[in-house]
Asker: 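My questions will all concern the structure given below.
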Amino acid sequence: MIRFANRFVSLILFFISAATAHEQLILVVAKTMASPIASLQRYEYTKGSWHKRGQTIKVTIGRNGLGWGIGMQEIPHENSDPIKHEGDGKAPAGVFALGPEFGYSRHPLGKMPYDHATGDLICVDDADSDFYNQIVQISSTVSIRSFEWMHRDDGLYRHGIVVSHNAEAVPERGSCIFLHIQRTAEAGTAGCTSMKENDLTDILKWLDPKASPLLIQIPEKNFSYIKKRYSIPQ
């Protein structure tokens, strides 16, 4: 019983330290696991608690909704819920670190580490490649069968930031996940989270690496767990 009690206390302390080690949080909540539309709210941790920053905004996520991804922490969920896989058209649900920022300009909008999206910069979505789920410069030494350009003609990546999903590059579990500019207010993505350009630029200017920002993406049914675990205000 004492051993069990010690393990329980350790678990509680882990979650408390995990929550308070971060001072910026972006919370994205979809109505259901299948919804391609969600709401986004920013929070800052000050004076011992989380406080809302900015207005709640509408964003688009995967055209097929959410699938549980590989992030920093596990969120309890139903066994029947979908799991994020390469090419499934789902955005990853879970808790994720953010960065680096990327964009077409030589200089970042904010303080986060920055990748200049030059014409030879790509993100590798070939699950058989040693460079899977990495942003690299295309060259003869990069062996790949499938990738996407980081400098797109449609301007969707003019500004953006990497979501650290599947950081260990587990094959077929999903790659190249970003926050980026949306195509339209209703168009779901291949797996990213998109929004109006002015909303995105506000977020990028706000993010601070010293605050270890987090992205949490969940369906509404998991909100009560996140609210309780992180003491997030309604």
Side-chain angles (χ1 to χ4, degrees), residues 24 26 28 38 40 42 57 59-63 69-71 84 86-92 96-169 173-185 187-215 217:
Q24 289 183 325
I26 298 174
V28 175
L40 180 153
R42 289 182 279 162
I57 63 171
V59 298
T60 51
I61 54 176
R63 61 179 178 270
I70 302 176
K84 171 66 185 169
E86 189 67 44
D88 60 4
K90 296 180 184 296
F96 309 98
L98 288 168
E101 180 189 343
F102 60 84
Y104 299 174
S105 171
R106 291 183 178 275
H107 305 289
L109 287 172
K111 303 173 184 177
M112 297 294 285
Y114 186 70
D115 284 338
H116 179 205
T118 53
D120 60 351
L121 201 68
I122 60 173
C123 189
V124 180
D125 55 18
D126 175 4
D128 294 325
S129 172
D130 291 339
F131 299 94
Y132 181 55
N133 200 26
Q134 294 182 42
I135 295 176
V136 297
Q137 289 182 309
I138 194 166
S139 71
S140 58
T141 61
V142 178
S143 178
I144 46 174
R145 295 179 300 178
S146 179
F147 64 89
E148 62 172 306
W149 297 104
M150 293 302 296
H151 195 115
R152 298 168 56 118
D153 292 338
D154 58 15
L156 297 187
Y157 291 176
R158 183 165 47 250
H159 303 293
I161 192 164
V162 175
V163 175
S164 188
H165 162 259
N166 193 16
E168 299 299 317
R173 284 303 307 275
S175 62
C176 306
I177 305 297
F178 314 125
L179 304 184
H180 66 73
I181 299 168
Q182 65 185 192
R183 190 179 302 279
T184 72
T189 70
C192 296
T193 297
S194 67
M195 63 201 76
K196 293 178 181 178
E197 184 169 2
N198 63 315
D199 289 330
L200 178 61
T201 56
D202 283 348
I203 288 172
L204 294 176
K205 291 174 182 177
W206 169 73
L207 290 172
D208 187 341
K210 293 180 180 179
S212 300
L214 286 179
L215 169 69
Q217 294 195 141

Asker: Can you check whether L121 reaches V136 side chain to side chain, under 4.5 Å on heavy atoms?
Answerer: no
Asker: Go through the structure and list residues passing side-chain hydrogen bond (donor to acceptor under 3.5 Å, both in side chains) with T184, not counting sequence neighbours.
Answerer: none
Asker: Scan for disulfide (SG to SG under 2.5 Å) pairs involving residues 125-166, sequence neighbours excluded, and state none if there are none.
Answerer: none
Asker: Provide the full list of ring pair (Phe, Tyr, Trp, His ring centres under 6.0 Å) pairs with a residue in residues 133-154, sequence neighbours left out, each pair given once.
Answerer: Y104-H151, F147-W149
Asker: Flag the pair I203 / M195 as yes when at least one side-chain heavy-atom distance between them is below 4.5 Å, and no otherwise.
Answerer: yes
Asker: Can you list every salt bridge (Lys or Arg N to Asp or Glu O under 4.0 Å) pair that touches residues 106-125, not counting sequence neighbours?
Answerer: K111-D208
Asker: Do you know the tightest heavy-atom contact between Q182 and A185?
Answerer: OE1-CA, 3.6 Å
Asker: With sequence neighbours left out, write down each residue that passes side-chain hydrogen bond (donor to acceptor under 3.5 Å, both in side chains) with S140, or none if nothing qualifies.
Answerer: none
Asker: So which heavy atom on E101 is nearest to which on G110, and how close?
Answerer: OE1-N, 3.5 Å
Asker: To the nearest 0.5 angstrom, please state how far the CZ atom of R158 sits from the OG atom of S105.
Answerer: 11.5 Å
Asker: Side chains of T193 and Q217, heavy atoms from C-beta outward: is any pair under 4.5 Å?
Answerer: yes
Asker: So which pairs with a foot in residues 136-157 pass salt bridge (Lys or Arg N to Asp or Glu O under 4.0 Å), sequence neighbours left out?
Answerer: D126-R145, D128-R145, E148-R152, R152-D154, D154-R183
Asker: Can you list the residues that meet the disulfide bond (SG atoms under 2.5 Å apart) rule with C176, with sequence neighbours excluded?
Answerer: C123
Asker: How close do G174 and N166 get, heavy atom to heavy atom, and via which atoms?
Answerer: O-ND2, 3.0 Å
Asker: What are the two closest non-hydrogen atoms of D202 and R42, and how far apart are they?
Answerer: O-NH1, 3.9 Å
Asker: Please assess Q24 against L214 for the test side-chain contact (heavy atoms from CB on, under 4.5 Å), listing each intermediate value before the final yes or no.
Answerer: CA-CA 6 Å; Q24 289 183 325; L214 286 179; over 6 Å; no
Asker: Please report the interatomic distance CG(L98) to CG(L215), rounded to the nearest 0.5 Å.
Answerer: 5.5 Å
Asker: Please name all residues satisfying ring pair (Phe, Tyr, Trp, His ring centres under 6.0 Å) with H165, sequence neighbours left out, ordered by chain then number.
Answerer: F96
Asker: Please evaluate residues V162 and F102 with respect to the criterion side-chain contact (heavy atoms from CB on, under 4.5 Å), reporting the C-alpha separation (whole Å), side-chain torsions for both, the decisive distance (0.1 Å), and the verdict.
Answerer: CA-CA 8 Å; V162 175; F102 60 84; 4.1 Å; yes
Asker: Enter the distance from L179:CG to L207:CG here, rounded to the nearest 0.5 Å.
Answerer: 8.0 Å
Asker: Is E197 reaching over with its side chain to a backbone N or O of H180, donor-acceptor style, under 3.5 angstrom?
Answerer: no
Asker: Please report the interatomic distance CG(L204) to CG(D199), rounded to the nearest 0.5 Å.
Answerer: 11.0 Å
Asker: Would you please name every residue forming a side-chain contact (heavy atoms from CB on, under 4.5 Å) with K205, sequence neighbours left out?
Answerer: L109
Asker: At what distance, to the nearest 0.5 angstrom, does CG of L156 lie from CG of L200?
Answerer: 11.0 Å
Asker: Kindly indicate whether the side chain of N133, heavy atoms from C-beta on, has any atom under 4.5 Å from the side chain of V124.
Answerer: no
Asker: Go through the structure and list residues passing side-chain hydrogen bond (donor to acceptor under 3.5 Å, both in side chains) with T60, not counting sequence neighbours.
Answerer: S194
Asker: Would you sort out whether W206 and I26 count as a side-chain contact (heavy atoms from CB on, under 4.5 Å), showing the intermediate values?
Answerer: CA-CA 11 Å; W206 169 73; I26 298 174; 3.9 Å; yes
Asker: Ion pair present between E86 and R173, side-chain N to carboxylate O less than 4.0 angstrom?
Answerer: no
Asker: Test: ring pair (Phe, Tyr, Trp, His ring centres under 6.0 Å). Region: residues 107-134. Which pairs qualify, not counting sequence neighbours?
Answerer: none
Asker: Would you sort out whether F178 and M150 count as a side-chain contact (heavy atoms from CB on, under 4.5 Å), showing the intermediate values?
Answerer: CA-CA 11 Å; F178 314 125; M150 293 302 296; 3.8 Å; yes
Asker: Under the side-chain hydrogen bond (donor to acceptor under 3.5 Å, both in side chains) test, which residues partner T189, sequence neighbours left out?
Answerer: none
Asker: Of all the heavy-atom pairs spanning C192 and A91, show the shortest one and how long it is.
Answerer: O-CB, 4.2 Å
